[in-house]
Number of protein chains: 2
Amino acid sequence: MIKVSTKGRYGLRLMLNLASHYNSGNKAVILKNVAQEEDISIRYLEQIIIPLKIKKLVKSIRGAGGGYTLARKPAEINVCEILEALEGTCALVDCVEDTDYCDRLPGCAAYEVWREASQLLQNFFKKVTLQHILDLGEKKLQKSKEKGKTRR
Amino acid sequence: MIKVSTKGRYGLRLMLNLASHYNSGNKAVILKNVAQEEDISIRYLEQIIIPLKIKKLVKSIRGAGGGYTLARKPAEINVCEILEALEGTCALVDCVEDTDYCDRLPGCAAYEVWREASQLLQNFFKKVTLQHILDLGEKKLQKSKEKGKTRR
DNA sequence: ATTATTCCTATAAATTTATGTTGAAATCCC
DNA sequence: GGGATTTCAACATAAATTTATAGGAATAAT
């Protein structure tokens, strides 16, 4: 419960992969390579990228030599946008975004908990951009090199 | 994505229902009534309550005149425990709790994001007890009475 | 005995996850 | 220019998981 769906997880990794190429020339990245690098089925990636394209987070170039690129700089795309594109909202329950979703809402005590938690998460995800995550990954890689092969 | 499952949502409401009766004598509550009050299938509630019983969050009394009660005071049961009982963990991705879940972890930048977000959520849910939510609900009810029927 | 309740197991329905098949657009190469 | 190749695009189907319903057995009270 309260698990990020595969679409969310794969979608973020897809975006991170595009982001890592963005800084080195922004040449179009083909899904075949992303699929190999991230070990995700290319067919599934093709489906996942559709909403990202619709929400204008990525641009596509068809045909040979084509592929996908980020539509904006990695520093200008945050995780919340990505999750929203992939699911419509990044709230923990539907009634937080759509107050007509359930008519028990006025007397629902549980709602308050989900709303606060959703707010907390959303604020966090809005602050984190793809660039932030790239930097984090860089640092992580450095650290693991220092420590050598042993990993706690 | 990142939606609370029905088990989590129904499970919390079930526990809140038991909690609201706990303070008025802690008489056993029968699932049939919970089902009616919360408008959830009794058959489904029967399944949902099993892990809550296993984790010793509720006690059951079989036979006529039986039912369920909270095993502890509402102030001593927090939301995190409930969610963990219902799913095993209250992390956003499996790799946060089980580092062997995925062998990409060492180089995975996305992991850091999910880990931080999970921590944030977990801390929040640990702080919120059933009693807190009951109090919140009480306050909400008062407010809605003051305002009359109109609801923003 | 009868009734009310939890408990256990099976199965059906819906949704999410993943694969397969074919078509369309752009480039490459002859 | 035109066929071959590469890539995205669209649609269909299969597999797995979650959500929900169903039937009856076990237990205890009346």
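The basis for the numbers below is simple: all heavy atoms, side chains too, and nothing from hydrogens, waters or symmetry mates. We name chains A, B, ... by the order of the sequence lines, and we start the count at 1 in each one.
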Q) Is the distance from OP1 or OP2 of C:dC7 to the nearest side-chain N or O of B:Ser60 less than 4.0 Å? A) yes

Q. What's the shortest heavy-atom distance between B:Ala28 and B:Ile61, and which atoms?
A. CB-CD1, 3.9 Å

Q. How many Å lie between CD on A:Glu46 and P on D:dT6, as a whole number?
A. 16 Å

Q.
Please report the distance, rounded to the nearest Å, between NZ in A:Lys3 and C1' in C:dT16.
A. 16 Å

Q) Within this structure, what is the CG-to-C1' distance between B:Leu45 and C:dC7, rounded to whole angstrom? A) 14 Å

Q.
Rounding to an integer number of Å, can you tell me how far B:Ile42 CD1 sits from C:dC7 P?
A. 12 Å

Q.
From C-beta outward on A:Arg62, which listed nucleotide comes closest to its side chain: D:dC8, C:dT5, C:dT17?
A. D:dC8

**Q.** Length of the line joining B:Ile30:CD1 and C:dT6:P, which is rounded to integer Å
**A.** 6 Å

Q. What is the nucleic acid contact for A:Ile49, judged by heavy atoms within less than 4.0 Å: base, sugar-phosphate only, or nothing?
A. nothing

Q: Of all the heavy-atom pairs spanning B:Leu134 and B:Leu16, show the shortest one and how long it is.
A: CD2-O, 4.0 Å

Q: Could you state the atom-to-atom distance from CZ of B:Arg43 to C1' of D:dA25 in whole Å?
A: 12 Å

**Q.** A:Gln47 or A:Gly66, whichever maps to the more 5' nucleotide of DNA chain D
**A.** A:Gly66

Q | A:Ile50 CD1 to C:dA18 C1', straight-line distance once rounded to whole Å | A | 14 Å

Q: Find out whether B:Arg13 and B:Asn17 are in side-chain contact, i.e. whether some heavy atom of one side chain is under 4.5 Å from a heavy atom of the other.
A: no

**Q.** Contact summary for A:Ser118 and A:Leu92, nearest pair of heavy atoms
**A.** OG-N, 2.9 Å

Q) From C:dC8, D:dA20, D:dA9, pick the nucleotide closest to the side chain of B:Tyr44? A) D:dA20

Q) Does a nitrogen or oxygen in the side chain of A:Ser41 sit under 4.0 Å from OP1 or OP2 of C:dA18? A) no

Q | Phosphate contact (D:dA20 OP1 or OP2) by B:Thr6 side-chain N/O below 4.0 Å | A | yes

Q: Using whole Å, report how far CD1 of B:Ile54 lies from C1' of C:dT6.
A: 14 Å

Q. Would you say B:Tyr10 reaches D:dA20's phosphate, i.e. side-chain N/O to OP1/OP2 under 4.0 Å?
A. yes

(Q) Do A:Ile40 and A:Ile50 sit in one hydrophobic cluster, given that two such residues count as connected whenever their side-chain heavy atoms are within less than 4.5 Å of each other, even indirectly? (A) no

Q: Establish, with yes or no, whether the OP1 or OP2 oxygen of C:dC7 is under 4.0 angstrom from a side-chain nitrogen or oxygen of B:Lys53.
A: yes

